[in-house]
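First the proteins, then the strands, lettered A, B, ... as listed; each starts at 1.
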Amino acid sequence: MKLQDNDNYLSQLNDQQRDAVLYCDGPQLVIAGAGSGKTRVLTYKIVHLLHLGYDPWRIMALTFTNKAAREMRERIEALTSPEVSSRLWMGTFHSIFSQLLHRNAERIGFAHDFTIYDTSDSRSLIKLIVRDMQLDDKLYKPANVQARISKVKNMLISPDDYARNPDLIDADRDGGMPHVVDIYRAYWKRCHIAGAMDFDDLLFYMNILLRDHPDVLERYQQMFAYILVDEYQDTNFAQHLIVHQLSRLHNRLCVVGDDAQSIYSFRGANINNILQLNKIYPDLKIFKLEQNYRSTQVITQAANSLIEKNEGQIPKKLFTANQHGDDIPVIRCFSDYEEAYVVANQITRIKARQGDSYEDFAVLYRTNAQSRVLEEAFSNGGRRDTHGNVRDAIPYRIYGGLSFYQRKEVKDAICYFRLIVNPNDDEALRRVINYPARGIGDVTVGKVNHCAVEQGVSMWEVMNHPDSFQLNVNRGTQAKLNGFVSMIKDLAAMNEGGANAREMAESVYRKTLILSVLMHDKSPENISRQENLQELLNAVGEFVDNKHETGDDHNTITDFLAETSLLTDQDMDDPDGEKVTLMTVHAAKGLEFKNVFIVGVEEDLFPSAMSADTLQGIEEERRLLYVAITRAKQNCIITYATSRYRNGETKSCVMSRFLRDIDMQYLSIDATREATPTRSWQDTANALMEQWQPRPSSRRYTWAGNSQTPLSTSSTPQHSTPSQRAVRPATASPAVSGDASRFTIHTADELAVGKQIVHSRFGQGTVTQVDTSGADAKIEVTFNDGTARKLLLKFAKFEIL
DNA sequence: ATTCGTTCGGTTTTT
DNA sequence: CCGAACGAAT
């Protein structure tokens with residue numbers, strides 16, 4: 001195992017961190033306060049394990065977000081080598097378990113090409129079931145039922161268990177929804193028939209796999225010699241149990257977390273998983289990291305004083321040796337509208353004062369809906385002159401909201417991909433069977449569905465064997481169905497024939513006409529859809545290129561789906577930085593910014609009205625604010641408005657109770673609003689004018705990360721709202737920082753044995769062979785980490801020294 | 001079957 | 001205010 005700095009990595013840790021890294025003899029809990037170097041400990045610990053001789057593929061490191069996993073992998077790569085870091089089992093719970101389940105699918109009665117239902121797929125299936133069962137969907141609201149099913153799944157309760165559980169049954173009956181159990185059972189069955197798993201199933205079936213197949217359990221227990229888990233306070237029971245099962249043979253477990261940052265109980269996270277870990281592991285060693293390296297004293301102390309108001313925390317006192325810092329301004333605004341302009345103005349001002357870049361700013365809010373006004377203010381640069389003309393817009397980037405893969409046209413294309421991989425995927429089928437319109441309407445689809453339910457098969461099965469199932473449709477309709485079936489079959493045959501993902505995607509576009517139907521209409525939203533489909537194609541292409549370049553032949557559309565279906569919006573790389581980040585507090589967990597605005601700190605919003613009636617609810621909201629404050633390195637600015645436009649009407653609001661929980665000495669409540677009096681007056685006047693006139697269209701044509709409003713098109717009606725902007729999908733390669741344009745494609749005659757190159761991923765190396773014999777010229781390179789690789793010249797991007 | 005207009009209901013956070 | 005969902009019209 002080759003490490004760059006040998007033992008040097010240990011010198012970059014403080015005593016507590018080093019202790020936590022060095023202890024590798026048994027189960028370990030690291031309570032890591034905000035900003036205390038949690039990720040650093042995990043990263044260095046893995047490096048340390050590698051140094052001790054652990055094989056990378058025997059280390060499992062679980063995170064909650066793809067982003068966290070990716071960042072950790074990059075850091076480890078820098079300290080070791082791509083060769084080593086790429087072999088670690090590192091990823092989100094869902095993605096790691098998805099991989100393991102795909103390998104063992106047949107053991108739990110699934111085809112190995114099972115597909116994954118996202119939240120909207122499973123909701124639409126539940127809705128369908130509710131209707132099929134002739135239940136009232138006003139009563140059995142799909143979202144509610146879904147949440148309930150999700151909750152019990154995370155407690156590992158199957159439909160049979162549910163039926164046997166008097167508490168659940170009674171609760172449903174008392175709640176007037178006695179049929180939840182039946183919906184759950186039907187849902188369960190139909191997912192199974194469709195060969196599909198939802199997010200919760202990935203955890204559930206992983207448990208089933210380990211529970212019912214001792215040989216599999218033993219194999220993985222043997223294989224995973226060390227298991228590390230990040231953000232353990234946010235694990236639910238299903239995750240907790242898997243971790244325990246896998247780790248209990250070697251007992252080499254390191255979990256890192258902070259009970260004060262547990263903010264996902266609505267998703268089944270159970271704080272007791274971390275608080276009572278010592279009950280399961282009597283020899284658990286506890287390490288505390290209490291020194292904050294991120295924030296000023298003011299921010300750290302203010303956060304401490306807030307979280308103290310919660311009961312039942314693990315006692316710890318976060319301290320920092322950082323500078324004292326400025327007080328936290330608490331700015332009262334008249335309206336949400338004014339609040340947005342105040343934030344925009346403050347950003348401009350602080351940026352000028354501190355010489356910051358826009359990347360140094362984040363605006364955090366409780367709900368996604370709050371982003372709209374902010375976007376509008378940012379597009380206007382936070383200022384208007386007397387004529388209302390737009391001045392210097394503030395570039396921003398929104399995380400959350402609609403992700404790229406959720407956009408209608410993109411999801412349609414993806415559903416074709418899914419159908420090719422797994423034609424039994426009923427949700428994908430229902431979605432695209434008549435898109436583009438091919439004369440297969442609701443009535444026909446309803447018949448196919450009905451027949452499928454009766455026979456206990458997938459809709460595809462019914463359509464594929466029309467003779468075995470009497471479908472009461474006329475000849476014309478039957479012909480249309482047959483046409484669809486054979487189209488999918490042709491594509492599937494191509495996939496099985498080994499076509500790569502790009503070839504498949506191109507064929508899908510061509511055969512299904514999804515792109516060409518958008519050509520007829522030149523409306524802006526249609527153009528935007530075309531762009532998005534093109535963007536998806538690019539993403540697929542990059543995926544294939546990357547695979548090619550690294551000599552990995554898993555480049556089919558099946559592989560593409562497996563790797564992307566668990567990606568979210570947060571995982572998108574933004575090509576051009578220099579933007580203010582707008583996101584929910586939840587999405588900000590684990591991140592840090594020099595300057596953080598927390599907006600809408602009002603009763604009924606933060607804390608949310610939904611959580612206000614229970615103590616646990618309030619405490620979770622308080623932790624959420626704690627998370628928000630501790631994201632800030634230097635400046636934290638809190639705003640609230642006394643009136644807010646919500647659900648179509650203006651409501652008056654009051655300051656959040658949480659502001660009273662923060663020690664006054666760290667706040668400057670009377671912070672005056674920025675801007676000159678005239679500006680301020682002007683902003684207010686503008687705000688008032690807005691109430692009179694129809695609002696200036698907040699719908700702006702923006703896409704692919706371009707948040708500036710193109711003035712030339714502002715007269716045409718636009719239908720894509722700002723928060724729906726497409727985002728460029730992440731490239732599969734962990735991009736090397738710095739100037740990517742240095743890395744380009746080269747031809748064989750530029751190269752010779754002995755030449756030095758720098759590869760965009762693998763770093764520097766020496767060419768050991770140039771092979772132009774085949775159709776595609778290849779070179780062989782020995783990189784400085786000792787690994788030798790073959791690179792295809794038509795794909796590999798590097799610089800010749 | 002598709003499209004367009006109207007009404008109605010709802011509102012947290014996300015892998 | 002926004003989207004879903006339903007009903008009526010080519």
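With ring centers used as reference points, A:His192 lies 6.0 Å or more from A:Phe114. A centroid separation of less than 6.0 Å is found between the aromatic rings of A:Phe64 and A:Phe93. Outside the 6.0 Å centre-distance limit, the rings of A:Trp89 and A:Phe97 are not counted as a close aromatic pair.
Atoms CG (A:Asp234) and C1' (B:dT15) sit 11 Å apart, rounded to a whole Å. We find that CG of A:Asp230 is positioned 14 Å from P of B:dT15, with the value rounded to whole Å. One can place CG of A:Leu605 at 9 Å from C1' of B:dT12, the figure rounded to the nearest angstrom. Atom CZ of A:Arg646 and atom C1' of B:dG10 are 12 Å apart (whole Å). To the nearest angstrom, C1' of B:dT11 lies 12 Å from CD of A:Gln370. Whole-Å rounding puts the A:Glu649 CD to B:dG9 P distance at 15 Å. Look at NZ on A:Lys151: it is 13 Å from C1' on B:dT12, rounded to the nearest Å. Distance A:Asp136 CG to C:dC6 P: 11 Å, rounded to the nearest Å.
Take A:Arg73 and apply the side chain to side chain donor-acceptor pair (under 3.5 Å) test, not counting sequence neighbours, and it matches no residue. Here A:Gln478 pairs with A:Asn482 under the side chain to side chain donor-acceptor pair (under 3.5 Å) rule; sequence neighbours left out.
Taking for each of A:Thr477 and A:Ile263 the nucleotide of DNA chain B with the nearest heavy atom, the 5'-most of the two is the partner of A:Thr477. Comparing A:Asp442 and A:Thr584 by the nucleotide of DNA chain B whose heavy atom lies nearest to each, the residue mapping closer to the 5' end is A:Asp442.
At a threshold of 4.0 angstrom between heavy atoms, the contacts of A:Ser150 with the nucleic acid are absent. Residue contacts shown for A:Phe93 are absent, as no nucleic acid heavy atom lies under 4.0 Å away. Within 4.0 Å of A:Ser95, counting heavy atoms only, lies no atom of the nucleic acid at all. Within 4.0 Å (heavy atoms only), A:Phe199 reaches at least one base atom of the nucleic acid. Across all strands shown, A:Lys141 has heavy atoms under 4.0 Å from sugar-phosphate atoms exclusively, and none from any base. Within 4.0 Å (heavy atoms only), A:Ala609 reaches no atom of the nucleic acid at all.
Residue ring and base: A:Phe266 counts as stacked with B:dT13 (centre distance below 5.5 Å, interplanar angle below 30°).
The side chain of A:Ala437 lies closest to B:dT2, out of C:dC1, B:dT2, B:dT13. Of all nucleotides listed (B:dT12, C:dC2, B:dT14), B:dT14 comes nearest to the side chain of A:Tyr264.
Within the 4.0 Å cut-off from OP1 or OP2 of B:dT13, at least one side-chain nitrogen or oxygen of A:Asn368 is found. Under 4.0 angstrom from either OP1 or OP2 of B:dT2 there lies at least one side-chain N or O belonging to A:Asn434. Using a 4.0 Å cut-off, some side-chain N or O of A:Thr444 falls inside it from OP1 or OP2 of B:dA1.
Using a 4.0 Å cut-off on heavy atoms, the residues of residues 120-131 of chain A that approach DNA chain C are A:Lys127, A:Arg131, listed by number.
Ring-plane geometry between A:Phe417 and A:Phe560 is classed as perpendicular, the angle between the planes exceeding 60 degrees on a 0 to 90 degree scale with a lower cut at 30.
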#### Entry: side-chain hydrogen bond (donor to acceptor under 3.5 Å, both in side chains) assessment of A:Asn236 paired with A:Tyr264
CA-CA 9 Å; A:Asn236 59 35; A:Tyr264 280 106; over 6 Å; no
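A:Asp234 has no carboxylate O lying under 4.0 Å from a charged side-chain N of A:Arg267, or vice versa, which leaves the two without a salt bridge.
Atom P of C:dA4 sits at a distance of 15 Å from the matching atom of B:dT13, rounded to the whole Å.
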